[in-house]
Amino acid sequence: MAANPIIGVVFHWLGGLASGSFYVPFRKVRSWAWETYWLVGGFFSWIIVPWILASMMTGDLLSVLREAPTRSVAWVYLFGVLWGLGGLTFGLTMRYLGMSLGMAVALGYTAAFGTLMPPIFSGQFVSEVLGTRSGLTILAGVGICLLGIVFAGAAGMSKEKEMSEEQKRSAIKEFSLKKGLLVATFSGVMSACFAYGLAAGQPIKEITLRHGTPVLWQGLPVLVVLLLGGFTTNFIWCVILNIRNHTGHQYFSSAASDPESKQANRAALENVIDAPAEEMAKAAGVAGSADSRAPMFSNYFFSALAGTTWYFQFFFYTMGETQMGRYKFSSWTLHMASIMIFSTLWGIALKEWKGTGLRTKCLVGLSLLVLVASTVIVGYGNYLGATAPSKKHDTIQTNRI
């Protein structure tokens, strides 16, 4: 199947929509601590749904995984574990830098490292990116995406300036620029490991294609292994919180939580490429009173719905990646930009920016415009690469510069 970057961009937008929307069902969860509903949703997003869809849409999944090189499977799993660490440390970034600056720094690292490191590591950066018009166009799109992230961070900081001193102290009680930048760097780089895991899974994709899997679904077996790594990290941390906060009974009983577990109901903004906004996470985290009985069926249903929605961001991501041709590394920028676009739109719909000043609203609008432009430019760069008659016709004559 020939690459079609326009369709690829649409797939990435759908993935961004899923990522920007997945937290909405969590808003319906009542009287569960964050670690409880996050782990229940995680079983669906990291284990159940990936296995079901990969089994249905690819050829002989178990045989493919058995035939896959142990080295490749191990690297994919390890990158999944590291990606999980990046997400779990994202909350510390918010603690030390605040929502806006913390997210802008961490997302900037994630977008840059997740996009540029795979072609650099594979030795294609100079020849395929710097040496072609299409590659330079994509690189410009990456830069514009980073600019959009800067504008988003500026909008958040502008909003914070409009807050009262009491609100500021409540939002950033432990501000520390040095600690915050260190944690944001770690979180951003580790979160980019998801892109590395997808690249490390190339041998698995080749094997599943030989087993008759359509090109469009070749990334699904890789997701099975990669998400298992992410599940490992999150499972360990959630169980630790269940024990520490005495919330383990919530999986099995609708009884009211112990008073000690009320602190566990505080909001948690965890994953740098998932959580759309602090306010949305808070709404999910404190949706119900810690003293009320939990609606078990409803909580499991909405947690499962949130987890399934979360998975579809990477379901569409792997589909979009197949349409990017030799510049599939650019999929990460498209993914990051799409997440920010749709999460910002959700924020507007949920009136997170209500009451802010004109400057703040203009910055929000500018960030959306720049991020949309970045996806168009990256898509156009891929289109140039796909339609070029041959690589030599696309190569820039550097001796004329």
Side-chain angles (χ1 to χ4, degrees), residues 1-19 21-22 42-69 72-73 75-77 79-80 83 114 118 193-231 273-274 304-305 307-336 338-339 375 378-379 382 385-386:
M1 183 175 67
N4 189 329
I6 296 176
I7 293 178
V9 171
V10 172
F11 282 145
H12 285 301
W13 279 346
L14 290 174
L17 176 60
S19 180
S21 306
F22 89 97
F43 267 107
F44 284 85
S45 56
W46 301 315
I47 302 294
I48 298 174
V49 179
W51 274 96
I52 290 176
L53 289 181
S55 298
M56 291 174 54
M57 308 182 82
T58 69
D60 203 358
L61 176 62
L62 291 177
S63 295
V64 168
L65 295 178
R66 281 195 296 265
E67 293 176 25
S72 179
V73 172
W75 274 113
V76 172
Y77 176 80
F79 281 131
W83 161 72
C193 285
F194 202 100
Y196 309 161
L198 292 172
Q202 185 59 37
I204 301 176
K205 297 177 185 177
E206 295 171 357
I207 293 172
T208 194
L209 289 173
R210 292 201 298 268
H211 279 259
T213 297
V215 172
L216 205 58
W217 315 123
Q218 62 181 288
L220 299 187
V222 181
L223 286 181
V224 168
V225 181
L226 186 56
L227 293 175
L228 179 61
F231 172 79
I273 59 172
D274 296 339
L305 180 60
T308 301
T309 303
W310 182 95
Y311 169 76
F312 273 102
Q313 67 170 307
F314 290 116
F315 177 82
F316 287 115
Y317 179 99
T318 56
M319 293 170 64
E321 191 180 45
T322 65
Q323 302 302 304
M324 292 295 115
R326 69 179 188 265
Y327 296 113
K328 61 183 179 180
F329 70 87
S330 64
S331 290
W332 192 251
T333 292
L334 291 170
H335 183 63
M336 297 295 298
S338 299
I339 288 174
T375 66
V378 170
N382 279 278

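Scope of the values below: all heavy atoms of this structure, side chains included, with no hydrogens, waters or symmetry mates.
Contact detail for Val76 and Ala200: the closest heavy-atom pair is CG2-C, 3.8 Å. Nearest heavy atom pair, residue Leu61 against residue Ser55, reads CD2-OG, 3.6 Å.
Checked against the 6.0 Å centroid criterion, the rings of His12 and Phe316 do not qualify as a close aromatic pair. Checked against the 6.0 Å centroid criterion, the rings of Trp217 and Phe315 qualify as a close aromatic pair. For Phe79 and Trp83, the gap between ring centers reaches or exceeds 6.0 Å.
Between the side chain of Ser19 and the main chain of Gly15, no donor-acceptor pair closer than 3.5 Å is present. Side-chain atoms of Thr208 never come within 3.5 Å of backbone atoms of Ile204 as a donor-acceptor pair (strictly under, hydrogens ignored). In this structure, Gln218 contributes its side chain and Val215 its backbone to a donor-acceptor pair below 3.5 Å. Here the side chain of Ser45 pairs no donor or acceptor atom with the backbone of Tyr311 at under 3.5 angstrom.
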Item to complete: Check step by step if side chain to side chain contact (heavy atoms under 4.5 Å, CB included) holds for Val222 and Thr318.
Response: CA-CA 9 Å; Val222 181; Thr318 56; over 6 Å; no
Discussion item. Could you go through Phe11 and Asn4, starting from their C-alpha distance and side-chain angles, then the distance that decides it, and tell me whether this counts as side chain to side chain contact (heavy atoms under 4.5 Å, CB included)?
Written reply: CA-CA 11 Å; Phe11 282 145; Asn4 189 329; over 6 Å; no
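Contact annotation: the side chain of Leu227 approaches that of Phe194 to within less than 4.5 Å [non-hydrogen atoms, C-beta and beyond]. Residues Thr58 and Val64 form no side-chain contact, since every pair of their non-hydrogen atoms from C-beta on lies 4.5 Å or further apart.
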